Amino acid sequence: MKSPVKSELLKRLFAAQGEPISGQDIADEFGLSRTAIWKYIKELEEEGYEIGSQRKKGYYLIDAPDLVNQGNITEYLTTERYGRIIKYFTTVPTTQTIAHEDAQNGAQDGTLVIAEEQTAGKGRLARPWTSKANRGIWMSLIIRPDLAPQYAPQLTLVAAVAIVRAIEEVADIQPVIKWPNDILINGKKVTGILTELQSDPDRVKAIILGMGINANQQQSDFPEELQMIATSLRIEKGEMIDRAQLVAAILKYLEQYTDLYVEKGFAPIKILWESYAAITGKNIKASMVHETVEGIALGISHDGMLELQLADGTVRGIYSADIEIKN
Amino acid sequence: MLKIQEIREIIKLIDQSSIQKFSLESDGGKIKLEKNDGQAVTTVTETPQTPQAAPTPVQAPAPVAPAAVAAPAPTAAPEAPAAEVVTDETLHKITSPMVGTYYKASSPDAEAYVKKGDKVTAESIVCIVEAMKLFNEIESEVNGEIVEILVQDGQLVEYGQPLFLVREN
């Protein structure tokens, strides 16, 4: 939560429309030192606001960050259902938990939960996910496709294809997909997808697609242990991208490809997925709970399973594993 | 069921003969051999005789011809069902709605969703089945008590495979 002083500062900066406001006046009003006010200004800059200062006159707003709020996303949105309801938060522990509860409470197909910052973002098996404020895209989409639960896992591959298409379109960068749905640029992770299913025995009730996209982080925004394995679109492209525009593009392709999958099955998605895949022909190490196998990736099966040819020539189908590309 | 030595002997004999196609059915086992331009094609089909024995994949013996046809090994032989408990037809089976990996807890450090003897309601989450990073929280669907857990943490489970037995209230 923003402190009341910081909110007030922001309100006045916006109201002044680029004209300077006096830090001294606000300091006096709230009984704070000018240094305290300066610290709040620094925090706002951290959040993406560009603020100038003029001697004797005070602070003035140059530019506000590209927030991923409803107004900014809707401006670009071309979908019929996805993202037509948006729940926007400044900071949350994780959008996934909120979306889960909303889905249980009957949220409509295509409802989007999105936040500027996650304080407890999570990946597979509750692994932590770094979600810096105003830099990335942290969102969970609730969808209700008409599918039997055994056909739901393929939607994680559908999501990967949709996000890659959107990145191509908006950022003009060519990412690749690592099975099943990590998205990499130059071998570093730019997007993670976590999908959760609520289902009856024979029908999907809701799927919650959790997506973390490293959009506008700089190298120094990543913790040191991630700098070698994570990247952002900004780092790769060399310029900021419009996050709201990217969100709208992702929603467009997600809607299009989910509908395609429900109508035509996995075959067309398989072709798209393989055209972006980074692993065919590569030497892969697949770590599962009780064993680890190594082999050459042949591609994916008709239902999206990873097929590895082992040293003895047999083909092994992998449904869930951590994948490491050896060469 | 044919022994591996017997199958090997049959292949040898057929290979030396002018016979192009051969099939034999004996004791619930079935063997089909076919020669195709000097390349041998071997298919071995098994019919398991007794339900308590999980079928063991038979490695096809190396045919004389250079093109070896490896029998596609199933990714994991399904665990033999716990026969002594399954016989109680009054128990409700919670089955897996999809192929994937069975997890007893939400993360490796977390406590298991349920233990043997736990009381569950229809909405209780009993486990997670994961495939391709899609996590499916499996609900009990009935009110009752977990009397048996039929699978191990991290095991690959098939579509429709029983995971738990529940005595309904």
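Since the model is a prediction, treat every value here as computed from it, not as a measurement. Every chain is numbered from 1, with letters handed out A, B, ... down the list of sequences.
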From N136(B) atom CG to L197(A) atom CG, the distance as rounded to the nearest 0.5 Å: 4.0 Å
Heavy-atom proximity to chain B below 4.5 Å, by part of D312(A): neither
Positions in residues 143-164 of chain A that reach chain B, provided some heavy atom is under 4.5 Å away: P149(A), Q150(A), A152(A), P153(A), Q154(A), T156(A), L157(A)
Nearest atoms (heavy-atom pairs only) where D182(A) meets K133(B): OD1-NZ, 2.8 Å
Whether over 12 other heavy atoms sit under 6.0 Å from E294(A) CD: yes
Enclosure of K270(A) NZ (heavy-atom neighbours >12, cutoff 6.0 Å): yes
Smallest separation among heavy atoms of A131(B) and S320(A), with atom names: CA-CB, 4.5 Å
For V289(A) against D153(B), the heavy-atom pair lying closest together: CG1-O, 4.3 Å
Over 12 foreign heavy atoms within 6.0 Å of CD, E225(A): yes
Within-4.5 Å side-chain heavy-atom neighbours: E137(B) and H100(A): yes
Separation of I128(B) CD1 from E196(A) CD (nearest 0.5 Å): 7.0 Å
Separation of I300(A) CD1 from M132(B) CE (nearest 0.5 Å): 8.0 Å
